[in-house]
**Q** 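I'd like to ask some things about the structure below.
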Amino acid sequence: KILGFSSFLFDFALGVYLFYYADQIKNIWRSLAIQIKWIFLSLAILFFSCFFWFSSLFNFDRVFIRPGVDHVIVSLGCSLFFCILISAPKAQKMLSHPLLITMGRICYSLYLVHMMILICFADYAVQQIQKLSGLPVSACILLFFIFYAGLTFVISLLTFKILEKPFNKLGKQIAKKTEKMILLAENHFFKRRIIRMNIDK
């Protein structure tokens, strides 16, 4: 928590802000000098790197300021990266790669799966990697992150195809049927009212 609020609420607010002000962010980015752009990129990398060094998900002993504040620093790094990505045409072309488009399609499954894997396996996996390899914690976290990214992608792709896609299709069918039923009920109701009004006259 930070200032009594959940730091995840801060993440959500940043996402909403980036969505609504994307065009203004693009215009500001285009007007910046190249040196300022490099400073923003450096800050994004610096802030996001706190995820590997001061993340309570991996190591409860390492705290930079406070867990909530550290989380906000990482979130600001992510937001700066998003600002750069949505403003750069070359980055947009790179993001049009089929693999990244697939990741965009399965993003809800990624969102659900990634935290579950982190909570269930992160601490244990990093400890085991360190025990087996004798590498520093930061290197073990990086190795786990590479494995974790691949595993999350595979599980998310499976859940998307097996669960999300069929349920989306079912949800749309139910929504269409419900809409038809409501329209029929409304038509029936209004027809009856018109008949009653005519009778009363």
**Q** Output the rest of the hydrophobic cluster of Tyr111: all Ile, Leu, Val, Met, Phe, Trp and Tyr residues reachable through side-chain heavy-atom contacts under 4.5 Å, sorted by chain and number.
**A**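 Via sub-4.5 Å side-chain contacts, Tyr111 links to Tyr108, Leu112.
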
**Q** Thr102: which residues meet the side-chain contact (heavy atoms from CB on, under 4.5 Å) condition with it, sequence neighbours left out?
**A**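 side-chain contact (heavy atoms from CB on, under 4.5 Å) check on Thr102 returns Phe153, Leu157.
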
**Q** Can you list the residues that meet the side-chain contact (heavy atoms from CB on, under 4.5 Å) rule with Phe82, with sequence neighbours excluded?
**A** Leu18

**Q** Tell me, please, which residues at least two apart from Phe121 pass ring pair (Phe, Tyr, Trp, His ring centres under 6.0 Å).
**A** none

**Q** Got a sec, which residues hit side-chain contact (heavy atoms from CB on, under 4.5 Å) with Ile45, two or more places apart in sequence or on another chain?
**A**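 Ile45 satisfies side-chain contact (heavy atoms from CB on, under 4.5 Å) with Leu41, Phe81 once adjacent residues are dropped.
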
**Q** Using ring pair (Phe, Tyr, Trp, His ring centres under 6.0 Å) as the criterion, list what pairs up with Tyr21, not counting sequence neighbours.
**A** Tyr17

**Q** For Ala13, check side-chain contact (heavy atoms from CB on, under 4.5 Å) against everything at least two apart and list the hits.
**A** none

**Q** Which Ile, Leu, Val, Met, Phe, Trp or Tyr residues join Leu184 in one cluster when any pair of side-chain heavy atoms under 4.5 Å counts as a link?
**A**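 When side chains under 4.5 Å apart are linked, Leu184 ends up in no cluster with other residues.
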
**Q** Holding to side-chain hydrogen bond (donor to acceptor under 3.5 Å, both in side chains), I want the full list of residues that pass it with Gln128, two or more places apart in sequence or in another chain.
**A**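 Checked Gln128 against side-chain hydrogen bond (donor to acceptor under 3.5 Å, both in side chains); zero matches.
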
**Q** When clusters are formed from ILVMFWY side-chain contacts under 4.5 Å, directly or step by step, what else is grouped with Val154?
**A** Leu158, Ile162, Leu163, Phe167, Leu170, Ile174

**Q** Taking transitive links into account, so neighbours of neighbours count too, which hydrophobic residues share a cluster with Ile182 at under 4.5 Å side-chain distance?
**A**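 Grouped by the 4.5 Å side-chain rule, Ile182 forms a cluster of one, so the answer is none.
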
**Q** Does anything in residues 23-33 form a side-chain hydrogen bond (donor to acceptor under 3.5 Å, both in side chains)? List the pairs, not counting sequence neighbours.
**A** Asn27-Arg30

